[in-house]
Protein chains: 4
Amino acid sequence: MTVRVGILGATGAVGQRFIQLLDDHPTFELAAVTASDESAGKSYREAAKWRVDTPIPDDVAEMEVRRTAVDDVPEDLDLVFSSLPSSAAADVEPAFAEAGFVVSSNSSNDRMAPDVPLTIPEVNADHLGLIEVQRDERGWDGALIKNPNCSTITMTPTLAALDAFGLERVHVSTLQAVSGAGYSGVTSMEIIDNAIPHIGGEEEKMESESRKLLGSFDGAELSLHDADVSASCNRIPTLDGHLENVFAELAEDPSVDDVADAMREFPGIDLPSAPDPLIHVFEEPTRPQPRLDRMHGDGMAISAGGIQETSTGIKYNCLAHNTIRGAAGASVLNGELLVEEGWV
Amino acid sequence: MTVRVGILGATGAVGQRFIQLLDDHPTFELAAVTASDESAGKSYREAAKWRVDTPIPDDVAEMEVRRTAVDDVPEDLDLVFSSLPSSAAADVEPAFAEAGFVVSSNSSNDRMAPDVPLTIPEVNADHLGLIEVQRDERGWDGALIKNPNCSTITMTPTLAALDAFGLERVHVSTLQAVSGAGYSGVTSMEIIDNAIPHIGGEEEKMESESRKLLGSFDGAELSLHDADVSASCNRIPTLDGHLENVFAELAEDPSVDDVADAMREFPGIDLPSAPDPLIHVFEEPTRPQPRLDRMHGDGMAISAGGIQETSTGIKYNCLAHNTIRGAAGASVLNGELLVEEGWV
Amino acid sequence: MTVRVGILGATGAVGQRFIQLLDDHPTFELAAVTASDESAGKSYREAAKWRVDTPIPDDVAEMEVRRTAVDDVPEDLDLVFSSLPSSAAADVEPAFAEAGFVVSSNSSNDRMAPDVPLTIPEVNADHLGLIEVQRDERGWDGALIKNPNCSTITMTPTLAALDAFGLERVHVSTLQAVSGAGYSGVTSMEIIDNAIPHIGGEEEKMESESRKLLGSFDGAELSLHDADVSASCNRIPTLDGHLENVFAELAEDPSVDDVADAMREFPGIDLPSAPDPLIHVFEEPTRPQPRLDRMHGDGMAISAGGIQETSTGIKYNCLAHNTIRGAAGASVLNGELLVEEGWV
Amino acid sequence: MTVRVGILGATGAVGQRFIQLLDDHPTFELAAVTASDESAGKSYREAAKWRVDTPIPDDVAEMEVRRTAVDDVPEDLDLVFSSLPSSAAADVEPAFAEAGFVVSSNSSNDRMAPDVPLTIPEVNADHLGLIEVQRDERGWDGALIKNPNCSTITMTPTLAALDAFGLERVHVSTLQAVSGAGYSGVTSMEIIDNAIPHIGGEEEKMESESRKLLGSFDGAELSLHDADVSASCNRIPTLDGHLENVFAELAEDPSVDDVADAMREFPGIDLPSAPDPLIHVFEEPTRPQPRLDRMHGDGMAISAGGIQETSTGIKYNCLAHNTIRGAAGASVLNGELLVEEGWV
């Protein structure tokens with residue numbers, strides 16, 4: 001089975017990761033790439049300033065870049081990935097969904113809309129059922145689903161594992177890589193020999209998206225998880241890989257081994273891009289580290305370590321590759337889930 | 001008034017900072033420097049691999065390095081600063097105190113001993129009263145007082161300010177500079193494009209020392225503060241300046257402005273090396289940053305920012321220079337307090 | 001004596017350095033700051049995104065930013081500094097000179113024009129005589145003088161010292177700091193764990209400007225020095241300070257000591273911002289280093305070291321602070337020379 | 001055909017690279033690993049602090065570490081790789097060769113000995129003939145061959161290509177990665193926001209080894225190439241990959257295209273670890289860059305770019321992975337050549 005896919009916003013940093021991840025994909029065949037009007041008509045090679053660490057796939061290099069508009073992409077695309085800037089995505093993505101396309105988007109707009117599934121396949125695949133609600137309410141033939149923000153994705157699978165012990169409150173601090181801000185997002189003058197204790201909107205995303213991901217869907221309505229999440233987000237001088245310190249208050253009182261086992265045994269999913277295991281748990285207290293551990297599971301695994309008891313629960317550290325598991329890879333995995341579950 | 005001082009362990013990274021800070025000090029006159037037996041007999045210039053960003057003071061450069069032993073330093077020293085490795089300090093410092101020297105130490109041994117004052121002059125100057133207890137119990141003519149660990153010092157003045165609202169629980173994550181591990185403590189291969197979510201013993205120091213600093217002394221005994229403190233400590237690729245994310249649970253419900261005012265107005269102290277104000281509060285959410293803010297108050301001020309309400313209290317960020325306010329400068333300030341209060 | 005000065009392009013990275021260097025200057029009084037049309041009318045504090053490591057001087061913070069146009073600055077300015085982008089400078093600077101202003105510019109346009117003095121006061125102060133030629137040819141009441149590019153300034157004083165031995169050919173490789181490209185010139189994604197062996201136009205500037213600086217002026221015409229200069233320029237992950245490896249072929253065969261002496265004794269100049277000595281020569285082969293040595297002489301000194309004989313001459317390393325001695329400080333020093341020599 | 005190999009000094013940084021490169025090697029079967037006396041008797045997993053970015057091969061992890069002595073390794077090893085510290089290697093390697101082992105060594109001792117082949121297989125495979133001379137003179141049954149220093153290897157293939165135009169003089173500046181100094185060789189305090197213009201002994205190695213590699217062997221004696229080579233070596237904050245700026249003076253006057261063609265067409269060699277092509281030539285002036293280009297040819301290719309004419313020849317930049325092509329990979333490739341040519 002071959003699924004014909006397109007990428008909206010294919011020339012940016014996340015767009016380039018999409019192209020890298022879709023190269024030789026067992027199911028998806030890339031059939032269209034779009035970008036801004038200035039790039040339309042050029043070859044992808046001309047339009048994109050390619051910076052990924054593997055070469056542009058030859059066939060993509062020669063592909064003509066299209067305008068990001070419903071009328072400019074082939075009608076027969078089965079699935080559309082989006083890495084548009086959220087300002088552009090707010091109009092474009094609904095237009096594509098209305099026109100009948102299924103859109104798997106990494107953009108931050110609409111993630112908290114009550115009828116938009118926000119999914120990590122291993123955590124809340126059942127939330128895809130919201131697509132029915134979405135279609136009813138919006139009268140769409142297509143659909144719009146989202147993956148969460150990179151810093152949210154990094155911690156949420158571990159929180160889902162911990163929820164077996166009654167997750168009540170989370171304090172989390174992040175040490176985030178510069179690639180999370182896009183290629184030009186953080187200047188070298190800002191970050192060499194430095195750290196920045198603020199990333200606009202990031203804390204709010206972690207605090208709300210995690211509760212939606214861990215929430216429950218009863219077939220009609222989605223309820224947020226009632227855990228209280230408080231985040232502090234920092235940018236540090238690393239290239240890729242977000243490291244997070246989590247303090248979790250729990251209803252029960254599990255041991256370190258209980259927690260490690262719950263993480264290790266937290267089930268993955270059988271999809272082409274899914275890692276096995278989902279969560280890699282380290283015994284060494286010095287791990288995970290961004291440079292050493294970001295590529296576990298081809299950049300799709302979550303790493304955890306430093307698990308210790310506190311007076312109210314557990315503290316630990318977790319890490320994921322922010323532009324693979326945290327962005328393009330997240331959308332691709334959601335796309336695979338949409339196919340597997342018959343929505344595409 | 002001139003106070004003759006010596007430095008035990010004067011050739012290391014913290015020892016060099018002592019020398020820098022004592023140069024042109026209004027009260028202290030450096031009269032002796034000690035180091036390991038191999039360095040004894042050499043000039044300081046020969047013995048120390050000088051790496052501080054100001055030149056070695058000329059008179060110190062030619063000073064002869066002595067052995068670190070009671071019999072090898074002048075009897076008439078009024079005050080001795082110590083930056084010995086804690087393994088060496090455990091024996092040497094009590095020997096000096098027994099021999100009648102007042103020792104202001106940055107070493108980590110004995111910080112939690114019930115009869116050893118652990119002080120930040122602006123926070124708990126009254127704990128110096130423990131010297132009487134110490135002398136009674138140990139039969140010393142001299143005294144041993146300590147300053148806390150660099151990561152503890154960074155947050156404790158802000159916690160002291162918050163205690164006006166009833167400090168109950170603290171979760172703190174640190175982003176610590178490589179200089180905290182000494183000149184050769186962190187290799188470049190470990191830390192470039194990376195972060196390390198573990199610093200041996202650091203979390204325990206923050207969790208216990210902060211409670212002693214905030215504790216109360218009734219003239220006979222010191223009670224730890226009953227706040228619960230949980231820390232996660234990380235090393236990142238910055239040279240100097242520890243940045244910390246604090247989540248504080250409070251009995252009361254102050255506004256952001258209340259907290260900012262409490263920090264801004266938290267009283268400093270009138271000593272030569274003390275900064276004014278003690279806590280510099282930023283409105284801009286992106287501050288404080290290590291490279292931009294570590295030198296406020298000549299490296300002795302605490303910076304804070306990003307104050308926000310959470311469901312249980314307040315979150316904010318704080319920063320201090322780890323080898324000035326967090327180490328040598330802390331001992332010097334304690335020395336100034338000892339003089340001011342008549343212990344020297 | 002007070003000289004009223006203005007800064008054209010005062011809000012950028014070099015403009016901010018100008019303001020820092022002019023604060024408390026013994027001769028210059030800052031009377032006007034200009035920027036692009038969008039900034040005009042705002043206070044300097046509002047218009048500039050201040051990033052220098054000392055605070056904005058209070059009086060400058062409240063100064064109103066003017067448009068960069070002859071009619072928008074006070075007529076009675078004695079001297080105008082320029083750090084305009086070279087595209088803007090190409091029109092604006094001649095207009096100011098024509099209107100009677102003396103312009104000391106750091107911008108790269110017109111540096112090689114035969115009637116524009118390109119000066120480093122300690123190297124070729126006599127080239128200011130070209131102002132007469134310039135006024136004759138252009139009919140200006142004012143004047144336009146330039147300082148060279150930062151990477152040229154770093155090596156030229158050492159080449160001038162070597163010319164005592166007959167400078168014939170220079171091969172030079174640079175390791176340049178990111179601040180040389182402006183605040184946003186080099187992204188963190190480009191440079192962390194990396195180096196870039198190309199800086200647009202930089203090699204050509206070093207190759208031509210150095211020959212003009214070392215050239216001779218006979219009162220009517222300037223002849224380039226006939227040394228052959230070949231440069232390779234690299235960007236590396238340092239914040240400030242350009243380090244350069246120089247291989248110089250010489251007519252004579254001086255010893256290492258001869259060369260060190262020639263550099264050490266190369267005369268400075270008696271101007272407020274001039275360092276003394278001009279060239280700081282290190283014996284230690286590991287020096288100069290950017291972080292340790294960029295601030296010698298308040299950022300205005302040149303450092304040199306690693307002097308060794310080669311089969312055709314001498315190799316050595318040199319270093320200067322690229323945004324102080326290499327940019328704003330260079331223009332200020334030229335301004336001081338203009339005053340001293342009576343052109344202002 | 002299977003060749004049984006051992007590694008002397010297998011636990012260090014280069015030793016670990018040997019193990020990584022020998023895993024799944026088509027010809028070599030790792031049969032023994034040695035280290036210092038303290039490590040002897042432990043499993044490799046226990047003895048080595050593994051830091052390479054792929055896991056320890058399972059069979060190697062359980063292998064018992066032996067003492068580095070002739071009597072402690074199996075007699076039937078066909079080939080021994082050495083990454084011993086040069087002080088240890090000076091005695092140990094000759095002892096192994098005398099005992100009949102063929103030793104392919106990365107250690108720096110004896111590289112310039114007249115009867116020790118110093119080889120890069122693509123450049124001077126014929127120098128292996130020196131083994132006969134070596135055996136005659138030393139009465140050995142085994143043999144000792146060397147690969148050059150990492151910074152020498154990076155430039156020498158490009159110089160060999162240029163020699164078609166009569167190589168006369170070379171000036172070269174290096175920007176070297178921290179891994180070249182071993183895991184703990186460069187501290188983070190030394191190199192963050194900095195560069196160091198000196199690497200002990202490195203310049204001399206580049207100046208002499210390159211002339212030996214490019215020299216000619218007449219069956220009895222090796223003559224050094226008569227080009228004059230002068231090097232300046234710098235350490236910069238990159239993890240892996242040495243970048244070098246080369247200025248080459250040539251007898252002839254080739255165009256940029258001539259030089260690019262000579263590099264591109266410089267013949268590789270048909271050995272399992274050899275890259276094809278040997279030299280990757282970039283058109284873009286900003287390449288090669290360490291992070292982007294160090295892994296070409298699985299870390300075994302040389303990259304070149306920025307080729308430009310100068311008044312006396314050509315300047316260009318080149319790059320190679322210093323711990324793969326520049327160290328362990330170089331020894332493995334020499335081992336493959338020894339097998340191919342029948343010396344093993």
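Predicted, not measured: the structure shown is a model, and the values here were computed from it. Here is how names work: the chains are called A, B, and so on, in the same order as the sequence lines, proteins then strands, and each is numbered from 1.
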**Request:** Mark yes or no for whether C/Glu209, through its side chain, and C/Met206, through its backbone, hold a donor-acceptor pair below 3.5 Å.
**Result:** no
**Message:** Could you check whether any side-chain N or O of D/Thr156 sits under 3.5 Å from a backbone N or O of D/Ile153, counting only pairs where one atom can act as donor and the other as acceptor?
**Reply:** no
**Complete:** All heavy atoms of D/Asn194 vs all of C/Arg291, minimum pair found to be OD1-N, 3.0 Å
**Prompt:** Where on D/Leu239 is there a heavy atom nearer than 4.5 Å to chain C: the side chain, the backbone, both, or neither?
**Reply:** both
**Request:** Can you tell which part of C/Glu284 gets under 4.5 Å to a heavy atom of chain D, answering side chain, backbone, both or neither?
**Result:** neither
**Message:** Under a 3.5 Å distance rule, please check whether C/Lys205 uses its side chain to pair with a backbone N or O of C/Ser210 as donor and acceptor.
**Reply:** no
**Asked** Which bit of C/Leu175 comes within less than 4.5 Å of chain D, counting heavy atoms only: side chain, backbone, both or neither?
**Response** side chain
**Request:** Run the salt-bridge test on C/Arg294 and D/Asp193 with the 4.0 Å N-O cut-off and return the result as yes or no.
**Result:** yes
**Asked** Is a side-chain donor or acceptor of C/Gln308 paired with a backbone partner of C/Tyr316 at a separation under 3.5 angstrom?
**Response** no
**Message:** Looking at D/Arg211 and D/Ala227, would you say the former's side chain and the latter's main chain have a donor-acceptor pair under 3.5 Å?
**Reply:** yes
**Item:** Salt bridge D/Arg264-D/Glu283, side-chain N to carboxylate O under 4.0 Å
**Value:** yes
**Prompt:** Does any heavy atom of chain D fall under 4.5 Å from the side chain of C/Asn234, the backbone, both, or neither of them?
**Reply:** side chain
**Fill in**
Scored by heavy-atom pairs under 4.5 Å with chain D, the best of C/Pro197, C/Ser232, C/Pro237, C/Ser173 is C/Pro197
**Request:** Tell me, out of D/Ile196, D/Thr238, D/Ile191, D/Thr312, who's got the most heavy-atom pairs with chain C below 4.5 Å.
**Result:** D/Thr238
**Message:** Run the side-chain hydrogen bond (donor to acceptor under 3.5 Å, both in side chains) test on C/Asn149 and C/Glu202 for me, step by step, so that the C-alpha distance in whole Å, both residues' side-chain angles and the decisive distance to 0.1 Å come before the verdict.
**Reply:** CA-CA 8 Å; C/Asn149 184 50; C/Glu202 196 85 358; 2.9 Å; yes
**Asked** For chain D, which residues from residues 161-172 of chain C have at least one heavy atom closer than 4.5 Å to it?
**Response** C/Arg169, C/His171, C/Val172
**Message:** Between C/Leu319 and chain D, with a heavy-atom cut-off of 4.5 Å, which part of the residue counts as in contact: side chain, backbone, both or neither?
**Reply:** neither
**Fill in**
Under 4.5 Å to a heavy atom of chain C? For D/Glu249 that would be side chain
**Test side chain to side chain contact (heavy atoms under 4.5 Å, CB included) applied to D/Ser216 - qualifying residues, sequence neighbours left out** = D/Ser223
**Message:** Heavy-atom cut-off 4.5 Å, strictly under: side chain, backbone, both or neither for D/Ile236 against chain C?
**Reply:** side chain
**Request:** Give, as side chain, backbone, both or neither, the part of C/Asp228 having an atom under 4.5 angstrom from any heavy atom of chain D.
**Result:** side chain
**Message:** Below 4.5 Å, heavy-atom pairs only: which of C/Ile192, C/Leu243, C/Asn245 has the largest tally toward chain D?
**Reply:** C/Asn245
**Asked** Does D/His321 reach the side chain of D/Arg17, with side-chain heavy atoms less than 4.5 Å apart?
**Response** yes
**Request:** Quick one: which of C/Pro288, C/Ser311, C/Ala177, C/Pro290 has the most heavy-atom pairs under 4.5 Å with chain D, could you say?
**Result:** C/Pro290
**Item:** NZ/NE/NH1/NH2 to OD/OE distance under 4.0 Å, D/Glu203 and C/Lys315
**Value:** yes
